[in-house]
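Every value quoted in this text rests on a predicted model; they were computed, and no experiment measured them.
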Amino acid sequence: MNIEYLIFNLIIIYGPLALSFDEKVAFYKKWKYVFAAIGLMMIPFIIWDIVVTGRHWWFNEKYTLNFAFAGLPIGEWLFFITVPYALLFVWEVFAAYFKNREIRFLHPVRSIAHFGMIPGFILFYYGKEYTGLVFIALAVTAFLDRLFKTGVYLQKRTIHLLLLNVALTSFF
């Protein structure tokens with residue numbers, strides 16, 4: 001069934017889109033910023049995806065529609081909209097429904113995250129480019145978090161999202 005990737009995207013977006021009108025979250029009021037952020041984020045990820053498709057991963061024609069743009073099936077393009085939308089929605093739900101205290105014991109964890117640069121370069125060097133770049137990106141964002149004193153890595157909702165991400169990626 002070549003619409004499975006499309007169905008996957010619909011499942012991802014259905015709940016967050018439907019619940020965007022919840023009074024306490026009122027995510028629909030932020031759509032202008034959400035879609036601007038998604039559009040900005042798509043640029044490097046789409047470029048990366050186009051460059052490495054066929055080298056790091058490929059798309060099974062049994063699960064994708066026959067239409068492709070720049071070598072990427074429509075489901076992959078939608079993935080870069082639906083997943084960030086869902087994650088930003090969850091971020092806002094955590095902000096609306098849970099107190100977001102700093103978790104003080106995480107200060108050392110944030111410092112340790114800077115060392116993600118070393119395994120990142122090692123993994124990249126040994127051909128695990130995508131995983132290596134993820135480690136490097138983690139290190140860079142941790143460094144920027146500390147440099148600009150945003151405290152994002154210390155927020156309780158950040159930890160919740162990281163744990164949710166680990167749980168979901170382990171499941172799939």
Side-chain angles (χ1 to χ4, degrees), residues 1-22 25-98 113 116 119-142 152-153 157-172:
M1 183 163 70
N2 64 350
I3 62 168
E4 286 186 23
Y5 203 2
L6 184 61
I7 292 170
F8 172 74
N9 280 292
L10 291 173
I11 290 169
I12 288 172
I13 199 70
Y14 176 75
L17 191 58
L19 297 173
S20 290
F21 301 94
D22 172 72
V25 178
F27 195 58
Y28 69 96
K29 292 180 179 179
K30 299 172 184 169
W31 278 356
K32 177 171 72 172
Y33 307 106
V34 167
F35 290 113
I38 290 172
L40 213 75
M41 174 278 316
M42 284 178 74
I43 295 167
F45 283 101
I46 291 290
I47 291 169
W48 171 259
D49 213 14
I50 291 168
V51 169
V52 301
T53 295
R55 194 166 103 205
H56 288 288
W57 56 76
W58 58 93
F59 301 99
N60 191 328
E61 292 176 9
K62 289 189 331 189
Y63 306 113
T64 59
L65 294 172
N66 295 332
F67 176 76
F69 180 72
L72 302 178
I74 189 71
E76 183 72 353
W77 286 88
L78 289 173
F79 178 86
F80 288 111
I81 298 168
T82 60
V83 171
Y85 184 92
L87 289 172
L88 288 170
F89 173 78
V90 171
W91 178 267
E92 291 298 321
V93 167
F94 283 150
Y97 283 95
F98 303 104
F121 282 117
I122 292 169
L123 287 163
F124 191 87
Y125 178 78
Y126 284 104
K128 302 293 184 188
E129 292 171 348
Y130 183 78
T131 308
L133 287 174
V134 168
F135 271 90
I136 292 167
L138 173 66
V140 168
T141 57
V152 171
Y153 276 79
R157 64 181 167 173
T158 301
I159 302 308
H160 287 141
L161 279 175
L162 287 172
L163 292 173
L164 179 64
N165 186 31
V166 168
L168 289 174
T169 54
S170 297
F171 179 73
F172 293 107

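- Counting non-hydrogen atoms of other residues, nucleotides and ligands closer than 6.0 Å to CD of Glu61 gives a total of 12 or fewer.
- Under the 6.0 Å cut-off for aromatic ring centres, Trp58 and Tyr63 do not qualify, their centroids lying 6.0 Å or more apart.
- Ring-plane geometry between Phe59 and Tyr5 is classed as parallel, the angle between the planes falling under 30 degrees on a 0 to 90 degree scale with a further cut at 60.
- Proximity of a side-chain donor or acceptor of Asn2 to a complementary backbone N or O of Leu65 within less than 3.5 Å is not detected.
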Item to complete: Under the side chain to side chain contact (heavy atoms under 4.5 Å, CB included) rule, what do Ile74 and Phe69 come out as? Steps first, then yes or no, please.
Response: CA-CA 7 Å; Ile74 189 71; Phe69 180 72; over 6 Å; no
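- A distance of 13.5 Å separates OH of Tyr28 from CG of Leu17, quoted to the nearest 0.5 Å.
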Item to complete: Quick one: do Phe8 and Ile12 satisfy side chain to side chain contact (heavy atoms under 4.5 Å, CB included)? Show the steps, please.
Response: CA-CA 6 Å; Phe8 172 74; Ile12 288 172; 3.3 Å; yes
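- Atom CZ of Phe35 is separated from atom CG of Leu40 by 14.5 Å, given to the nearest 0.5 angstrom.
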Side-chain donor-acceptor distances from residues 44-52 under 3.5 Å, at least two apart:
| residue | atom | partner | partner atom | Å |
| --- | --- | --- | --- | --- |
| Asp49 | OD1 | Trp57 | NE1 | 2.8 |

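- Shown here is Phe21, whose CZ atom has more than 12 heavy atoms of other residues, nucleotides or ligands within 6.0 Å.
- Open room surrounds OH on Tyr130; 12 or fewer heavy atoms of other groups in view lie less than 6.0 Å from it.
- Between Thr141 atom OG1 and Ile136 atom CD1 the span is 12.0 Å, to the nearest 0.5 Å.
- With values rounded to the nearest 0.5 angstrom, Thr82 atom OG1 is found 8.5 Å from Ile38 atom CD1.
- Closest approach of Phe80 to Met42, counting heavy atoms only: O-CG, 3.6 Å.
- With values rounded to the nearest 0.5 angstrom, Phe135 atom CZ is found 10.5 Å from Ile122 atom CD1.
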Practice prompt. For Tyr97 and Val25, run side chain to side chain contact (heavy atoms under 4.5 Å, CB included): C-alpha distance rounded to whole Å, both residues' side-chain angles, the deciding distance at 0.1 Å, then the answer.
Written response: CA-CA 8 Å; Tyr97 283 95; Val25 178; 3.5 Å; yes
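- Taken to the nearest 0.5 Å, the OH atom of Tyr14 stands 8.5 Å off from the CG atom of Leu19.
- Here the closest non-hydrogen pair linking Leu78 and Asn9 is C-OD1, 3.4 Å.
- Between Tyr85 and Phe89, the two ring planes are parallel [angle under 30°; tilted spans 30° to 60°].
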